[in-house]
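Worksheet: the structure to be examined is printed underneath.
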Number of protein chains: 2
Amino acid sequence: MKEIDLRIVKTKGALQEALLSMLKDKPLHMISVTAICREAKINRGTFYMHYGKVEDLFEEYFKEIMKDLTDSYMEPYKHVQILLSNELDPSTIRIFHHVEKYKKFYRIIFSKYVPMAYYYLLFDQVNQLLNQDIDEKHHAENKNMFSAYQANAILGMIIEWHREDFQKTATEMNNLFVEILNFHFRK
Amino acid sequence: MKEIDLRIVKTKGALQEALLSMLKDKPLHMISVTAICREAKINRGTFYMHYGKVEDLFEEYFKEIMKDLTDSYMEPYKHVQILLSNELDPSTIRIFHHVEKYKKFYRIIFSKYVPMAYYYLLFDQVNQLLNQDIDEKHHAENKNMFSAYQANAILGMIIEWHREDFQKTATEMNNLFVEILNFHFRK
DNA sequence: AATTTTATTGAACATGTGTATAATAAAATT
DNA sequence: AATTTTATTATACACATGTTCAATAAAATT
């Protein structure tokens, strides 16, 4: 038996394409299911067969970006060693470059009217990436709290970066991050 | 001339009360304008005269809670001195106790389907509170980035706390926060 | 207390949501 | 190639949204 029905692939593709196309003109929260289906030439009932709301459709695109984030991050970060050795090379942190690359996407993620769900997905991803490194440092009970602290601190920088409309370069953000970490160590 | 029309006060009060009452039964994103107006015995058109959507009505309640946060925080935090002196007394940090006090409220704020807007309001508040203390430590250009890092780190802990359904006590959270800061210093 | 101002109401309208149904058509299976 | 399976469509429904407008009633002003 076939794994996936070609009709489903076609339908989902058309809806994805329609949404991404419409996002060039309108913010996510102003795009209706009806409008997407009109654009994609897909029956509205079919939309609800695969998704519950516009955000669910967008979430599929979201997850693709998260893959790139993981790939970007996994390069040579080795977080703990860097954190502890105090020999942090800014160029080894790729997360800011990833955000810069998908600037347009992150403008959506960080917009006011978007549900928290996306932020949590992003948070989870960064959290997970950090968690791989922290293992030995903290007791199991506090591990989650510590990585939540660390992960969201970085996201805080990205929120601020976004608010400044990404004026700084990714490299500058890297340097700032190092500076902030060093500030913590030095004192 | 009168500053405020009594009719407006009455209407807004009725809508507030209706929303808060309904929040006991349903999550925010499942409450419709129509239902609130039905409950409050207020014409739907009148709602739209004062608010654009359910979230705007909720935001008024939100801002009241933010006042309490400021009051809680402003007690004896004096963040920089604590951060630098390494003589942090956990009992001086009141933010976790504030969250614990308004647990029910923060369950709404941190729920998946709520817009990012509330998170940003919270972020701004914490940010502002931190900013008062940091002044001298960083150059003006990096100040925002540093406090965004710090503020969101704390929010990260609260997110994790919320996810664990507030199992830990506020005092435990305080201690953990100190532990994490100390970890930064010690290494 | 009479008059002016304006918030509220009720009604209507075009549009969107979410769900359900039978008819159709496209893909998978034999 | 014929048959079976199932995704898609067209249509309809009850309900919500967001806006508009004249009529009303409540508050403020004189």
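Order of the sequence lines fixes the chain letters, A, B, ..., with proteins taken first and strands second; residue numbering starts at 1 for each chain.
- The nearest whole Å value for the distance from the CZ atom in A/F47 to the C1' atom in C/dT17 is 11 Å.
- Looking at heavy-atom distances under 4.0 Å, A/N43 makes contact with a base.
- The base-pairing partner of D/dC21, taking Watson-Crick or G-U wobble contacts with both distances under 3.5 Å, is C/dG10.
- Straight-line distance from the CE atom of A/M49 to the C1' atom of C/dA26: 14 Å, rounded to whole Å.
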**OP:** Any chance you could list the contact pattern along nucleotides 14-20 of chain D? Use B for base contacts, S for sugar-phosphate-only contacts and - for none, protein heavy atoms under 4.0 Å, 5' to 3'.
**Re:** --SBBB-

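- A/K41 comes within 4.0 angstrom of sugar-phosphate atoms only, judged by non-hydrogen atoms across all strands, and of no base.
- The salt bridge (charged side-chain N to carboxylate O under 4.0 Å, His left out) check on B/E60 picks up B/K12, with sequence neighbours excluded.
- The separation between B/E3 atom CD and D/dA27 atom C1' is 15 Å, rounded to whole Å.
- Phosphate proximity of D/dA7 to A/T46: absent, as no side-chain N or O sits under 4.0 Å from OP1 or OP2.
- Taking a cutoff of 4.0 Å between a charged side-chain nitrogen and a carboxylate oxygen, B/D165 and B/R107 qualify as a salt bridge.
- A sub-4.0 Å separation between OP1 or OP2 of D/dT8 and a side-chain N or O of A/H50 is present.
- A donor and an acceptor atom sit less than 3.5 Å apart, one in the side chain of A/R7 and one in the base of C/dA26.
- In a base pair of the Watson-Crick type (N1 to N3 plus N6-O4 or O6-N4) or a G-U wobble (N1-O2 and O6-N3), with each distance short of 3.5 Å, D/dA12 is matched with C/dT19.
- The closest side-chain donor-acceptor pair between A/Y119 and A/N152 falls under 3.5 angstrom.
- The pair B/R163-A/D124 meets the salt-bridge criterion, with a side-chain N (NZ, NE, NH1 or NH2) lying under 4.0 Å from an Asp/Glu carboxylate O.
- Searching all strands for a Watson-Crick or G-U wobble partner of D/dT3 with both distances below 3.5 Å returns C/dA28.
- The hydrophobic clustering, which links ILVMFWY residues whose side-chain heavy atoms are closer than 4.5 Å, places B/I8 and B/L19 apart.
- Residue pairs satisfying the ring-ring contact (aromatic ring centres under 6.0 Å, His included) criterion with at least one member in residues 14-35 of chain B, sequence neighbours excluded, are listed as follows: B/H29-B/Y113.
- Using a 4.0 Å heavy-atom criterion, one finds that B/I4 contacts the sugar-phosphate atoms exclusively.
- Per the geometry, CG belonging to A/L6 stands 11 Å off P belonging to C/dT29, to the nearest Å.
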**OP:** Apply the test side chain to side chain donor-acceptor pair (under 3.5 Å) to residues A/H97 and A/Y102: give CA-CA distance (whole Å), side-chain angles for both, the deciding distance (0.1 Å), then the verdict.
**Re:** CA-CA 9 Å; A/H97 288 84; A/Y102 293 102; over 6 Å; no

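- In terms of position along DNA chain D, the nucleotide closest to A/T11 lies nearer the 5' end than the nucleotide closest to the other residue of the pair B/K10 and A/T11.
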